[in-house]
Each structure stands twice: as C-alpha cells, then as structure tokens.
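These notes are about the structure you will find just below.
By convention in this document, chain letters (A, B, ...) are assigned in the order of the sequence lines, proteins followed by strands, and residues within each chain are numbered from 1.
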Amino acid sequence: MNTTPDIPNTFLSPYNHEENEKKIYTLWEESGFFNPDNLPGERKKAYTIIMPPPNANGSLHAGHALFVTLEDMMARYQRMRGKKALWVPGADHAGFETQVVYEKKLAKEKRSRFDMSREELYSEILAFTKENKSHMERQLRSLGASCDWSRMLFTLDDRVKEQVYATFAQLEKDGLLYRSLRSVHWCPKHQTGFSDLELEHVERKDPFYYLQYGPFVIGTVRPETKFSDKYVVVHPDDERYKAYKHGQKISINWINGTVEATVIKDEAGDPEKGTGAMTITPWHSKIDWEIAQRHNLEVEQIIDERGKLLPIAGEFAGMKSMDARGKIVEKMGKMGLIVRIDKEYTHAVSVCYKCGKEIEPQLKKQWFIKMKPLAEQAITAINNKEVVFVTERHRRVALHWLSQIQDWNISRQIVWGIPIPAKICTQCDHGMVDIENTITQCTKCGGAVEQDPDTFDTWFSSGQWPFITLGYPDGKEYDTFYPTDMMETGNDILFFWVVRMILLGLYRTGKAPFKEVYLHGLVRDSKGEKMSKSKGNVIDPTEVAKEYGTDAMRMAYIVGNVPGEHINFSLDKIRGYKKFANKVWNIGRFILTETNGCVYTNAITKQDKEHKNSFDTLLQEITDDMEQHRYHLAAEKIYQYTWHTFADNIIEESKKIFSDSSADIKQSRQSLLLYLYANSLKALHPFMPFITETIWQHIPEGAYKTQKLLIVEKW
RNA sequence: GGGCGAUUAGCUCAGUUGGCUAGAGCGUCUGGUUUACACCCAGAAGGUCGCAGGUUCGAGCCCUGCAUCGCCCACCA
C-alpha cells in the first residue's frame, strides 16, 4: 500500500470506534463550539432546541438515546447551516417518578418512606439524584450530544424555583388559581393525588349488584362504599319515579340499620342505566360529588387514605375495601337487600399509572389551575400556526384535548419536589399563597398557619422549562433564543409536557415556547414489543454503542424512523450500520492514499462532471429532506449513495483510471473523489458525527476543507 | 362511547405532492481473497403492497366499506 505521512498507522482497518469516539468528543468540547457564542463566522439566525431533561433517577434507556440522536442531528445540521445553534441540556428531578424509584430502593433495604422524616427523605433522594445526574451526563457525552454544557440546568435549581413561584403568584393574581375541596384521584399505595393524566383505564369484569334501597332498586359495582348513602338520585323526567318529589324523605332499612334517605332529582340520573335510580357516594366519586355540590348535600368519608373502611362501616371498619366487599354482600344477602347480581359486568376502572392499583377518589383540598382561559390562548396559537406540529395528527389530538380540558390539580402529597409556597390555616383550613414566606396568621380567621406540606406536580414546573432555561424575564439570552425553534420529544408526553409548555409559555411570556413540534414514537424491541424489565427485553444503549459504535446506533435510530411512529431497536440493523461505518472508513483510506499530494483542479472531464452533477442534485434533495424533517429519508439516501454509487461504482471505475489514464484525467478524478468524499462526510456528519469527524482530521486542508473541525464546516 | 395508527419480501421496516420495472437491513442460494473494505465484491431467488369496491391515462399512495392488531381520550351508578 502506498502509505504516506498523512495517513498514520492508526488509520487502519477496521475502524476502531471505541478509540476514536472519546478523543473526538474531547476535541469538540475543547473547541467550545457547542456554545453558540463561540461559533465561527457571522451567524445571524439562532436555532434553539431545549432538551427534554432526562429524569435523573436511573440510566439512560433506548428512548433517551433516540431523542439524543434526533436532537443532536438537528442541532448539528443547523450548526453546519450557519445558524447560532443552541441545544440546552437539563436534568429533571422528576418528582413522583423519582420518589417511586427511591421507594423501591428503600423497600429493598427493608425501609419505608413513612418511617422517615421529610428532611431525611428529601436529602437522601437529593444525593441519589445528584449521583444519577452526573452518570447521565457522561452517558449523554458518549452518545455524542453536542449540547451546550455551560447552560446545563437542573429542575430544582434556584432560578427554576424562582420562576415557578412567580408563575404561581401570577396565576393567583389573575384569579386562575384556587384551593378547594374537590374530588381528586387518590392512589392508596402511593398516598398522593394525581391529575387526570396520571390515570390509566383498564377494562374489567365485575359482578354488578342490584340492591333494594327502600322502594328503589339501585345498581352498583361497589357495595362497600354504600354504608352512608342517604341520597337517591333520579332524573327529573323519569316517569317511574314521578310519585317521589325532590327533597322527599324516606326511611330505609340499610346495611347497618335504618337511614333516612332523601330523593334528589338531577339531570345526572340516567333513566337508561339500570333502574334509573342511584344512590350517591360523593366522597369517593367525582360525579357524585358534583351532584352533591349542586344540591348542597352532606358528604362523608367512607374509606381512608390507605384504602381501609372507616368506623362508619361498623363491623367492617378497618378492612380493605376490596376484602370487605364479599362479606358485605353476604350480609346484605341475608338481610334480603340483594335483588339480583349480574356476574359479568364490563366496565372501565381507573388505576394508578405507576402501580396499577385502583384509584380511590377522595375529597381533598388541593391547588387547582383554571385551565379554560389558558387553553383558549393555546388553541389560538396552534390554529394560527404559531406552533406547528410536524405530525399533523398530533395537532388534532392536542386541540381535541385542549377543547375539553379540565382544571389541573397541581398538588402532590410527596416530599421530592418544589414545595408549594403557601400557608394553610390550622383552624379553618384556608390556603394562602405566600411566596415571600411572610404570612404568620390566617387572612380569613386569624388562626395559626403552617407551611403547606405538598409539592408541585413536576409537570407544573417542567411545563415552564423553555422560558426558564433561557433566563426569562430578562436578558439577551431570552431575546436571542426564545421562542425556541424545535421541540423534539416522545409522543407519549404530548399532554403531560408539550401542551402544558404551550399553555404556560403563552401565559407567562405571551409567546408560544417553540415554533415546531416533532414527536417521536416509542422504542420497541426487535419484534416490535414494548421493552420492559419484566419481559427482559430491555436494551441498554450505552452497551450497544460500546459494542457497535455510537454512529452505527444513531443511524439505526434515524433510518426508517417515521415521525410519530414507533421504531424497533434491532441489533441486526445496528450491525448493518456498523458495516457501513467501516465502509466509510475504508473509502477514506483508499481516497487519501490515491489523492495524496494531488493538485486540485476545476478542469474536470465530462464524465467526472456528470458524477459531480448527479451528486449535487442528490445533495439538494437531501437538504430538502432535512428541511422538511424527513430525516429518515435523508440518512438513507446518503447511505445508499455512499455505498452503492460512490464506493461500488465511482471508486471501482477510478481504479482503472488511475492505472490506465493520462495525468490530467487522473488529476480530474482525484479532485472529484476528494470533492465527493468531503461533501459526503459533511452530509453524513449529523447522523454519524464521530467517524466523519475522525476522518476529517486526516483530510488535508485545501479546496474542500475550510475548517479544522467538521462540526463547523458549511453544509 | 369517541378518536388515531398499523397492515408491503421468510423476519423487522422504508416508500415525499399518485408516474414503480415496489426498496433497505438481516436471512437464503450461486460465484469470487480483483489498487480501500471478507465488517468485502458480482449476481440470484423471494411480493395478488390486509380484503372488497370506486376515482384516474396511471393507485402501495386518493375515496368508501370491511377485517385483524395496537394506541389514545372519556365521570367506575
């Protein structure tokens, strides 16, 4: 082989990704180019992506690697296009999520959060989170993330809290915040309330009981909640119950003795369902609570926060509601209160999205945000294309959700999070927003106050992430980079996060926080199945990258990844792109050998001109694909070209030329090869940054190389 | 109860505004150590593009209906 001083011994086949990736990342980091302030040349337009801050409670998984790949690709492309490209990294304390992870850890150590003080628990989780955070940052680096570490932000940093508190205060000022007794979704295992989104609905078959309630027959799946039912609701127009007047009282023989029942006529009574009559349990049902409020009815708690029956249940007190059901039914049967039982009644049950246990609605005083006015702004912004969804269907889904939005419960009964800056009266339970921590007595009754023990729903703070990371309300930073250009994240958090950012961003800054939304799907295993620990099909991206190279893994994430659709994580696919990486490498070995010391020329042969033209046409097509977010096509095209046109045809053809042809034809071909190779490397760079940059370091500066680092070459 | 997505080679998936002789990776078969690369090269087999209608000069792509799988939303009488 015709080795030259330009091709050191390290430039040997096969390509060694492990050796080069670390070196190259250090090179980039030291260049300072991840920070847009340091980028060379005149750059007028900014291009900003805010990274969805990964939860600092474990290792990065395949889904993280996917978003890192996509966002890094976007940032690199725009950087090469001459933009002031900024990609802001972050880490999320991930309130409830992290606390659950930590509780599992505690359980393994045979400890429980309920045996610890709040302070103890908080500081232990903080230490745990910090450790994970730095691990996570190392992982991001190994994936090639060209994010600006100097702007790294953690969701519990002071700057974040400050703005979250400001939003909270503003909401109160604008009359969009209230604290009141409302039905909340309560998880008896995790001991906290949830918003509507943290529920899952599962279909279940349960017996459906028809119970004799005085002269009425009522239907229920949950007889164990019925102890204190003393209101029977029918529709005002229901002919069957014409004889009964609204407010009429009837004495009824019930589970634990006689109760005085009151007839309530309300539109909520559905004549079509069951017998058209129902009793209500407002403390444990949202719809019942709404009825109770309309008629100002008394309410009573039957089941406690742990899911156990209270003393009102008499002999059943202290039993778990589900355990008690059978026994209660038995007793009612003996009392002749059971009319009939339908064995197989299919209905939807709300369960905790984390543990799958049944949600027990409870009446609680919590902080709620009035969402309607915020939603209207968001709907307008989306309709005006102030925010554009790359995947049209997600726009429709988001609009639909916004159009029927419910008030948002932002209180969580957990320790790990941003404390709600409010005082609660120990006398009258009145809640007061207190950002400055100055309130010492109740503004309503003058009673003593204490700190609200709750923390914010983590999505309340992360919903404000884009403007907080960019330093709102003041500064050049905010003016330059906000609104951001692209929000790239998983389609599973469309409502949780994306829509909330639009809502809160508009509310605080008057501007939608991003111009475009690109949602990726779930990463599945090679057979298209969801990854889960229990199935044992979880793949660790860090290990994969170590074995096959980060570049190969990134290609596998991009090619065939249609926006919004799920993607399969298949080792076969990654293996294929590892081969490709090696191909790119060997093309470099050939070309650099054959062109060593050559003189660049513009006087190229007709044949070479044709090669150049068709490549330029392809490059334009690829650029269009990039602009239109068809990254999967762009990557595949440059892959196909590089291997099957450039390597298989043009290089093979060149071998003949180099052995048979005259000097000027050779020279023309040498120039062509360098041109095609340099530009292919550029086009490949956003997808395969490490290997392209490694090779770039071997390419002599000249006609087609203007920058030392490929990362800042012009696309 | 409402909405959405998927259905294309043995497997996993691409296919942009309708122009296709329907592609990729892996797998299978045949031949080949040729100036980078065996992590390679040359070639081959393999498809009624879920089903049934329709629009069109032309449909994998548009329209209607159906089927199967999956997802999301919805106040559990």
Side-chain angles (χ1 to χ4, degrees), chain A residues 1-2 11 13-15 183 185 196-197 199-202 204 206 208-211 218-222 225-226 229 233 268-270 273-281 284-291 345 347-351 358-361 391 393-394 396-397 400-401 404 406 491-492 494-495 521-522 524-528 530 548 552 555-556 559-562 564-594 621 624-625 628 630 632-633 636 639-640 643-644 647-648 651-652 654-656 658-659:
Chain A
M1 190 172 73
N2 183 16
F11 202 36
S13 187
Y15 169 63
S183 184
H185 310 295
D196 297 342
L197 287 178
L199 307 187
E200 261 169 33
H201 302 275
V202 293
R204 243 184 31 196
D206 282 306
F208 190 82
Y209 304 91
Y210 288 92
L211 309 175
I218 58 157
T220 185
V221 196
R222 303 194 60 190
T225 64
K226 298 276 159 203
D229 282 9
V233 178
D270 183 354
K273 256 186 181 167
T275 59
M278 64 175 173
T279 62
I280 57 170
T281 315
H284 302 292
S285 154
K286 191 180 170 191
I287 186 168
D288 291 1
W289 166 241
E290 281 161 9
I291 297 169
Y345 173 73
H347 63 139
V349 180
S350 302
V351 298
E358 257 187 72
I359 288 293
E360 184 63 72
T391 43
R393 67 192 166 93
H394 289 115
R396 293 201 307 270
V397 173
H400 180 252
W401 188 71
Q404 45 169 55
Q406 303 285 313
N491 61 14
D492 55 332
L494 173 60
F495 306 137
L522 203 67
R524 315 268 191 89
D525 75 1
S526 61
K527 291 185 192 113
K530 208 169 168 172
Y548 300 98
M555 273 303 268
V559 178
N561 185 349
V562 182
E565 300 300 329
H566 68 82
I567 178 166
N568 292 2
F569 199 77
S570 131
L571 290 181
D572 279 343
K573 196 174 171 188
I574 297 165
R575 246 175 243 133
Y577 289 113
K578 188 188 173 191
K579 289 183 188 176
F580 177 61
N582 199 45
K583 192 73 179 177
V584 172
W585 183 253
N586 280 304
I587 293 171
R589 286 172 15 105
F590 177 80
I591 289 181
L592 292 180
T593 311
E594 293 298 327
E621 219 179 282
D624 288 344
D625 286 335
Q628 300 302 312
R630 296 187 295 253
H632 59 301
L633 296 183
E636 191 166 2
Y639 163 86
Q640 284 298 326
W643 197 320
H644 300 300
D648 292 348
I651 287 186
E652 289 307 316
S654 303
K655 288 176 185 173
K656 216 174 265 163
F658 290 143
S659 66

Checklist line | For atom CG of A:Asp492 and atom C1' of B:C73, their distance in whole Å | finding: 15 Å

Checklist line | Among B:U35, B:U16, B:C37, the one nearest A:Glu594 by side-chain distance | finding: B:U35

Next item on the list: Determine the interatomic distance between P on B:A42 and the same-named atom on B:C4; round to the nearest Å.
Entry: 46 Å

Note to self: Taking the minimum atom-to-atom distance to the side chain of A:Phe590, which one of B:C76, B:A42, B:U35 wins?
What the structure shows: B:U35

Notebook entry, point to check: Say you pick atom C1' in B:G60 and the same atom in B:G15; how far apart are they, in whole Å?
Noted result: 8 Å

Item checked: Donor-acceptor under 3.5 Å (A:Lys578 side chain, A:Tyr548 main chain) -> no

Check: Counting N and O atoms only, with roles assigned by atom type, does the side chain of A:Asn491 sit under 3.5 Å from a partner on the main chain of A:Gly564, one being a donor and the other an acceptor?
Finding: yes

Note to self: Classify A:Asp270 by what it touches in the nucleic acid, base, sugar-phosphate, or nothing, heavy-atom distance under 4.0 Å.
What the structure shows: base

Checklist line | Distance between C1' atoms of B:C29 and B:C66 (Å, rounded) | finding: 40 Å

Item checked: Residue pair A:Phe590 / A:Ile651: nearest heavy atoms and the distance that separates them -> CE2-CG2, 3.5 Å

Margin query: Is A:Lys583 close enough to B:C41 that one of its side-chain N or O atoms is under 4.0 Å from OP1 or OP2 there?
Written below: yes

Check: Looking at A:Trp585, does any N or O in its side chain come under 4.0 Å of the phosphate oxygens OP1/OP2 on B:C39?
Finding: no

Margin query: Using the side chain to side chain contact (heavy atoms under 4.5 Å, CB included) definition, which of the options A:Tyr639, A:Phe580, A:Tyr577 pairs with A:Val559?
Written below: A:Tyr577

Note to self: Rounding to an integer number of angstrom, what distance separates B:C51 and B:U8 when you compare their C1' atoms?
What the structure shows: 15 Å

Check: Side chain of A:Gln406, base of B:A74: donor and acceptor closer than 3.5 Å?
Finding: no

Next item on the list: Please map the stems of RNA chain B, keeping only stretches of three or more Watson-Crick or G-U wobble pairs with both distances under 3.5 angstrom.
Entry: B:1-7 with B:67-73, B:10-13 with B:23-26, B:28-32 with B:40-44, B:50-54 with B:62-66

Notebook entry, point to check: Choosing from B:C40, B:C76, B:G70, which nucleotide comes nearest the side chain of A:Trp643?
Noted result: B:C40

Check: Which is true for A:Ala556 with a 4.0 Å heavy-atom rule: it touches a base, it touches only sugar-phosphate, or it touches nothing?
Finding: nothing

Notebook entry, point to check: Base, sugar-phosphate, or nothing: which does A:Ser570 touch, judged by heavy atoms less than 4.0 Å apart?
Noted result: nothing

Margin query: For B:C13 and A:Asn568 - does any side-chain N or O of the residue sit under 4.0 Å from the phosphate oxygens OP1/OP2?
Written below: yes

Margin query: Applying a 4.0 Å non-hydrogen cut-off, can you work out what A:Phe580 is touching in the nucleic acid: base, sugar-phosphate, or nothing?
Written below: nothing

Check: Is A:Ser659 side chain donor-acceptor paired with the B:U35 base, going by distance under 3.5 Å alone?
Finding: yes

Notebook entry, point to check: Would A:His394 and A:Thr391 count as having a side-chain donor-acceptor pair, cut-off 3.5 Å?
Noted result: yes

Check: Between A:His632 and B:G15, is there a side-chain N or O to OP1/OP2 distance below 4.0 Å?
Finding: yes

Next item on the list: Take atom CG of A:Leu571 and atom P of B:C39, then tell me their distance rounded to the nearest Å.
Entry: 18 Å

Notebook entry, point to check: Would a 4.5 Å heavy-atom cut-off, applied to side chains only, mark A:Arg204 and A:Val351 as touching?
Noted result: no

Notebook entry, point to check: B:A36 and B:U48: how far apart are their C1' atoms, nearest whole angstrom?
Noted result: 44 Å

Next item on the list: Scan A:Glu565 against the nucleic acid and name what it touches under 4.0 Å (heavy atoms): base, sugar-phosphate only, or nothing.
Entry: sugar-phosphate

Notebook entry, point to check: Can you find a heavy atom in the side chain of A:Met278 that is under 4.5 Å from one in the side chain of A:Ile287?
Noted result: no

Next item on the list: For A:Val397, answer base if it contacts any base atom (sugar-phosphate contacts may also be present), sugar-phosphate if it contacts only those atoms, and nothing otherwise; contact means non-hydrogen atoms under 4.0 Å.
Entry: nothing

Notebook entry, point to check: Closer to the 5' end of RNA chain B via nearest nucleotide, is it A:Lys655 or A:His566?
Noted result: A:His566

Check: Whole Å only: how far is the CD atom of A:Glu652 from the C1' atom of B:C37?
Finding: 10 Å

Check: When you measure from the side chain of A:Asn568 to the backbone N and O of A:Arg524, does any donor-acceptor pair fall under 3.5 Å?
Finding: no

Notebook entry, point to check: Say you pick atom P in B:A24 and the same atom in B:G31; how far apart are they, in whole Å?
Noted result: 23 Å

Check: Looking at B:A36, B:C76, B:C73, which one has an atom nearest to any side-chain atom of A:Pro361?
Finding: B:C76

Notebook entry, point to check: Checking all strands, does A:Asp625 fall into the base, sugar-phosphate, or nothing category for heavy-atom contacts under 4.0 angstrom?
Noted result: base

Check: Base, sugar-phosphate alone, or nothing: which one does A:Val233 contact when heavy atoms must sit under 4.0 Å apart?
Finding: nothing

Note to self: Parallel, tilted or perpendicular, judged at 30° and 60°: which one describes the rings of A:Phe208 and A:Tyr210?
What the structure shows: perpendicular

Margin query: Measuring only between side-chain heavy atoms, which start at C-beta, is A:Ile567 closer than 4.5 Å to A:Glu565?
Written below: no

Notebook entry, point to check: Checking all strands, does A:Tyr15 fall into the base, sugar-phosphate, or nothing category for heavy-atom contacts under 4.0 angstrom?
Noted result: nothing

Notebook entry, point to check: Whole-Å distance between B:U16 C1' and A:Asp624 CG?
Noted result: 11 Å

Check: Which heavy-atom pair separates A:Pro361 from A:Ser285 by the least distance, and what is that distance?
Finding: CB-N, 4.0 Å

Checklist line | B:U17 and B:U33, which share atom name C1', separated by this distance in whole Å | finding: 48 Å

Checklist line | Between P of B:G5 and CZ of A:Arg524, the distance in whole Å | finding: 16 Å

Next item on the list: Check whether any side-chain N or O of A:Thr281 sits under 3.5 Å from a backbone N or O of A:His284 as a donor-acceptor pair, and report yes or no.
Entry: no

Next item on the list: Let me know, please, whether A:Asn582 or A:Lys527 comes out on the 5' side of the other along RNA chain B by nearest nucleotide.
Entry: A:Lys527

Check: Using a cut-off of 4.0 Å on non-hydrogen atoms, how would the nucleic acid contact of A:Phe569 be classed: base, sugar-phosphate, or nothing?
Finding: nothing

Notebook entry, point to check: What string of B, S and - do you get for nucleotides 17-25 of chain B, 5' to 3', if B is base contact, S is sugar-phosphate-only contact and - is no contact with any protein heavy atom under 4.0 Å?
Noted result: -------SS

Next item on the list: Using whole Å, report how far NZ of A:Lys656 lies from C1' of B:U34.
Entry: 11 Å

Next item on the list: Round to the nearest Å and state the distance from A:Asp525 atom CG to B:C13 atom C1'.
Entry: 14 Å

Next item on the list: Report yes if the side chains of A:Lys226 and A:Arg222 come closer than 4.5 Å at any heavy-atom pair, otherwise no.
Entry: no

Notebook entry, point to check: Looking at the side chain of A:Leu633, which of B:C76, B:C37, B:G15 is the nearest nucleotide?
Noted result: B:G15

Next item on the list: With heavy atoms under 4.0 Å as the rule, sort A:Ile359 into base, sugar-phosphate or nothing.
Entry: base

Note to self: Expressed as a whole number of angstroms, how long is the span from A:Leu522:CG to B:A6:C1'?
What the structure shows: 14 Å

Notebook entry, point to check: Base, sugar-phosphate alone, or nothing: which one does A:Ile218 contact when heavy atoms must sit under 4.0 Å apart?
Noted result: nothing

Margin query: Can you confirm whether A:Val397 sits close enough to A:Phe495 that some side-chain heavy atom of one is under 4.5 Å from a side-chain heavy atom of the other?
Written below: yes

Check: The side chain of A:His347 lies closest to which of these nucleotides: B:A36, B:C76, B:C73?
Finding: B:C76

Next item on the list: Measure from the side-chain heavy atoms of A:Arg393 and tell me the nearest of B:C39, B:A74, B:C4.
Entry: B:C4

Checklist line | Distance between P atoms of B:A14 and B:G32 (Å, rounded) | finding: 38 Å

